[in-house]
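Below: one structure, written as structure tokens.
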Amino acid sequence: MLPGSIQITGETLSGAEIKDICDSLKENSVRLLSVRGCQLSDRDFGRVCRGVAESHSLAQLNLNLGVVSSISRVKQLADALKTNRSIQTLFLHGSPLLDAGLVALNTALSTHPSLVSLDLGDCMLGDEAVQLICGMFPPDGAKSGLRELTLSANPAITTKGWARLAVAVAHSSQLRVLNLDYNPLGDQIAGMLAVAVASSRTLEVLDLEGTGLTNQSAQIFLDMVENYPTCLRVLVLAENAISPELQQQISDLLSEGEEDDDKEGGGARGSGGAAREKTTWLPNSNSSSQMVLVTSGLGDSLLAETEM
């Protein structure tokens, strides 16, 4: 029997339900586990973490919307991830991790052999956390690293932190999708990111929705895609003070690049301007582990559900 999924949203989970989840994890019958926004006791959270540690089939784990609600839970999750070898995508969106939480998780995340997609949106992160995240972007491909990162809505990150991230993105050998929507970036940081995109050999999707940009930023991105070869296929600029004309020009240029790649027999599918789709990247370790294209405009990125 092929591994299936357990998806529960906003429920208070009983001990019996937790036992069923843990049994399924230990039987390797679960590929996707999502308990987003659910209420469970600290004891039961620990039981789920032990099940995650023992699972060999689990590829996606969604603990969004406050499930990881304390530093003790963060440490339990870190211990599980140190043992688990199968998780490819981890969603912690809306968890009050703070920088201390990333410190506790850092070793487990950075050394995990399969993790390629990480959602840390709205996790109250700052510059210290960003410095640790940058270590998950190997510059030379000598080891595995993140292919997709979401840092939406982390307003405590300063210009220094974003500058550090831009440098890491420029030199990353694997990052393909970067979601920074709903951060107060402004034109200065957007300019740094444009340089990173121009330097990157892999980045295909950049989400800057609602980040305080103006036509100044858009003009920089327009000049970049018009005059320099990049891998960029999707640039999301919605909910910024950018003229529709500039957005359309950027969209047209990105679409032209995509068409050129398609004619050569390659290229990722996507669209520019107000593009709203995001991609979860899974390594092609077997026939069922393929790239999955998912939905929407609020930072969503999961096989069959959203994170907001």
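Heavy-atom basis, side chains included; hydrogens, waters and symmetry copies ignored.
Panel note: side chain D207, backbone L180; no donor-acceptor pair is recorded below 3.5 Å. For the pair S172 (side chain) and A168 (backbone), a donor-acceptor distance under 3.5 Å is absent. In this structure a side-chain-to-backbone donor-acceptor pair under 3.5 Å is missing from R43 to L40. Judged by distance alone, with hydrogens and angles left aside, the side-chain atoms of S24 form a donor-acceptor pair with the main-chain N or O of D20 at under 3.5 Å. Using modelled atom types, one side-chain atom of N28 and one backbone atom of H56 make a donor-acceptor pair closer than 3.5 Å. Listed for the D99 side chain is a donor-acceptor partner under 3.5 Å among the backbone atoms of G126. Side-chain atoms of N183 come within 3.5 Å of backbone N or O of L151 as a donor-acceptor pair. Looking only at distances, a side-chain donor or acceptor of N154 sits under 3.5 Å from a matching main-chain atom of L125. At distances below 3.5 Å, not a single donor-acceptor pair connects side-chain atoms of S55 with backbone N or O atoms of V52. In this structure, N240 contributes its side chain and L237 its backbone to a donor-acceptor pair below 3.5 Å.
No hydrogens or angles considered: nothing links the side chains of D122 and H93 as a donor-acceptor pair under 3.5 Å. Side-chain atoms of N179 and S152 form no donor-acceptor pair, as typed in the model, at a separation below 3.5 Å.
When the side-chain contact (heavy atoms from CB on, under 4.5 Å) test is applied to K160, the partners found at least two apart in sequence or on another chain are D127, T158, R164.
A78 and A104 make their closest contact through CB-O, 3.6 Å (heavy atoms, listed as atom of the first residue, atom of the second, distance). Shown here for V30 and S57, the closest heavy-atom pair between the two residues is O-OG, 2.6 Å.
L213 and L222 fall within a single hydrophobic cluster, where Ile, Leu, Val, Met, Phe, Trp and Tyr side chains are chained together by heavy-atom contacts under 4.5 Å. The hydrophobic cluster containing I87 also contains L120, counting ILVMFWY residues as joined when their side-chain heavy atoms lie under 4.5 angstrom apart, directly or transitively. Cluster membership for L246 and L254, using ILVMFWY side-chain heavy atoms within less than 4.5 angstrom, is shared. Follow the hydrophobic side-chain contacts under 4.5 Å out from V68 and you reach I8 in the same cluster. L77 and L98 fall into different hydrophobic clusters, where Ile, Leu, Val, Met, Phe, Trp and Tyr side chains are chained together by heavy-atom contacts under 4.5 Å.
Side-chain atoms of L115 and L109, non-hydrogen and from C-beta on, do get closer than 4.5 Å to each other.
Heavy-atom contacts from other residues, nucleotides or ligands closer than 6.0 Å to CD of Q188 number 12 or fewer. Counting non-hydrogen atoms of other residues, nucleotides and ligands closer than 6.0 Å to CE of M124 gives a total of 12 or fewer.
Between D23 and K19 there is a salt bridge, with a side-chain nitrogen of the basic residue lying less than 4.0 Å from a carboxylate oxygen of the acidic one.
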